[in-house]
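One-based numbering, in listed order, for ligands and for the atoms of each.
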Amino acid sequence: MISGLSDGLSDIDRMLMRDTGMNLLTLGFRAIGADASEVDVKRFKAASVPITSGLGIIGGFSRSVADIVRDMGIDCFVTEHTDVWGFGEAIDRGADIILMADDEQYMAYSVAAGRYANNSFCTAAGYVEALRGAVGGLQGKEVFVRGAGRVGSNMVSLLCAQGARPIVADVIREKAEAVARANPGATAAEDLEEATAEAGLILNASPVPIPGDLIREGAVVSTPGIPHVYDEATLRKAKFIHDPLAIGTAPMVAQCIIYTMDKEREQ
Ligand code: 2YJ
């Protein structure tokens, strides 16, 4: 799934411009509440480190990450070494930002700031921003969040902060209720399928595609995660915003740049 990404990356900006009105760089910064036009991204250098632990290397993952960072106009190399040695190599070769993922965590580390951006929050932020761009603002709008895990709960908080009205549902109903309680302005749906079928704006934070017959005609679905294969009829019914890696990665890079610049201002 990831390995084909390197070849078609220039398509990401085209897809995002068409669906959200923003390119990847703009989206990444807006997702974290910053403005890319005020930042000289070209002075930063990034490294992508292959990590062998757990299930091991995913063919093309670290290369695709580097391609995404380059698509944002930032120099990025893949380290020759993996793991701890690769991290050291990234620092030795002057990387300001180091990206790496094992099976549980995908992070971007700001060397100067000693802080990292994590993929769960940034995926939530990227897809909320993509949806905002697609529909011209979220204030006062009802948005259905399907899934109340790490990404879904962050989406709900971000939506509340923007004045949207999130409705959250999860196969484990208590999880959705806990997220709604923690975020004033959010509500938990009574029924996962009913709420899906009624929704006009959907953020799918669950690890599975939404069954096509549940999606309403004209819905906008912003959907991270595993590649979501929808049939032709479903694709005709709704507008989908999805890519396997870039929308979640761009805000991580943007966040690290902001961390680095904050640190520079302190000094
Ligand atoms: O370096 C490699 O090739 C691999 N170690 C990459 C592993 C990529 N990891 C994932 O895709 C995890 N599911 C990341 C979890 C992120 C949580 N938002």
Side-chain angles (χ1 to χ4, degrees), residues 1-7 9 12 24 27-28 31-32 46-70 76-91 93 95 97-110 115-131 145-159 168 170-172 175 179 203-209 222-229 241-256:
M1 175 269 283
I2 294 287
S3 66
L5 198 61
S6 275
D7 312 326
L9 194 68
I12 286 176
L24 190 59
L27 184 145
I32 55 141
S48 173
V49 182
I51 299 292
T52 64
S53 72
L55 293 174
I57 302 281
I58 295 179
F61 182 86
S62 45
R63 211 179 57 236
S64 298
V65 167
D67 286 342
I68 289 164
V69 178
R70 282 189 215 110
C76 188
F77 61 92
V78 178
T79 57
E80 280 165 28
H81 297 99
T82 64
D83 305 298
V84 177
W85 196 355
F87 187 79
E89 180 192 331
I91 291 172
R93 289 172 63 183
I97 301 163
I98 303 175
L99 296 105
M100 58 203 157
D102 63 13
D103 300 341
E104 295 298 330
Q105 176 73 274
Y106 171 30
M107 67 158 71
Y109 177 71
S110 158
R115 297 181 69 184
Y116 69 89
N118 97 72
N119 178 251
S120 296
F121 173 79
C122 288
T123 296
Y127 280 88
V128 168
E129 179 56 25
L131 183 66
V145 180
R146 193 175 156 103
R150 287 193 288 185
V151 174
S153 56
N154 278 308
M155 283 171 166
V156 171
S157 308
L158 288 158
L159 288 165
V168 57
D170 196 282
V171 281
I172 304 168
K175 272 174 76 175
V179 169
L203 284 159
N204 182 18
S206 76
V208 286
S222 185
T223 177
I226 330 291
H228 289 175
V229 181
I241 304 164
H242 170 71
D243 92 293
L245 200 55
I247 296 175
T249 297
M252 295 164 66
V253 175
Q255 185 72 80
C256 274

Colleague: Who passes side-chain hydrogen bond (donor to acceptor under 3.5 Å, both in side chains) against Asp83, sequence neighbours left out?
Modeller: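 Partners of Asp83 by the side-chain hydrogen bond (donor to acceptor under 3.5 Å, both in side chains) criterion, ordered by chain and then number, come out as Thr52.
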Colleague: List in chain and number order the residues that pass side-chain hydrogen bond (donor to acceptor under 3.5 Å, both in side chains) with Arg150, two or more places apart in sequence or in another chain; answer none if no residue qualifies.
Modeller: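 Applying side-chain hydrogen bond (donor to acceptor under 3.5 Å, both in side chains) to Arg150 gives none.
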Colleague: Please tell me whether Tyr106 and Thr249 have a donor and an acceptor in their side chains that are separated by less than 3.5 angstrom.
Modeller: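 Yes, because at least one side-chain N or O of Tyr106 sits under 3.5 Å from a partner of the opposite role on Thr249.
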Colleague: Treating Asp170 as the side-chain partner and Lys175 as the backbone partner, does any N or O pair qualify as donor plus acceptor under 3.5 Å?
Modeller: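 Between the backbone of Lys175 and the side chain of Asp170 there is no qualifying donor-acceptor contact (under 3.5 Å).
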Colleague: Quick one: does any side-chain atom of Ser206 pair with a main-chain N or O of Gly147 as donor and acceptor, under 3.5 Å?
Modeller: no
Colleague: Looking at residues at least two apart in the chain, or sitting in another chain, which of them share a side-chain hydrogen bond (donor to acceptor under 3.5 Å, both in side chains) with Tyr116?
Modeller: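 side-chain hydrogen bond (donor to acceptor under 3.5 Å, both in side chains) check on Tyr116 returns nothing, list empty.
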Colleague: Measure and list all N/O to N/O distances between ligand 1 and the protein that fall under 3.5 angstrom.
Modeller:
| from | atom 1 | to | atom 2 | distance (Å) |
| --- | --- | --- | --- | --- |
| ligand 1 | 1 (O) | Ile51 | N | 2.9 |
| ligand 1 | 1 (O) | Ile51 | O | 3.4 |
| ligand 1 | 3 (O) | Ile58 | N | 2.9 |
| ligand 1 | 5 (N) | Ile51 | O | 2.8 |
| ligand 1 | 5 (N) | Ala101 | O | 2.8 |
| ligand 1 | 9 (N) | Asp102 | O | 2.8 |
| ligand 1 | 18 (N) | Asn119 | OD1 | 2.9 |
| ligand 1 | 18 (N) | Ser120 | OG | 3.3 |

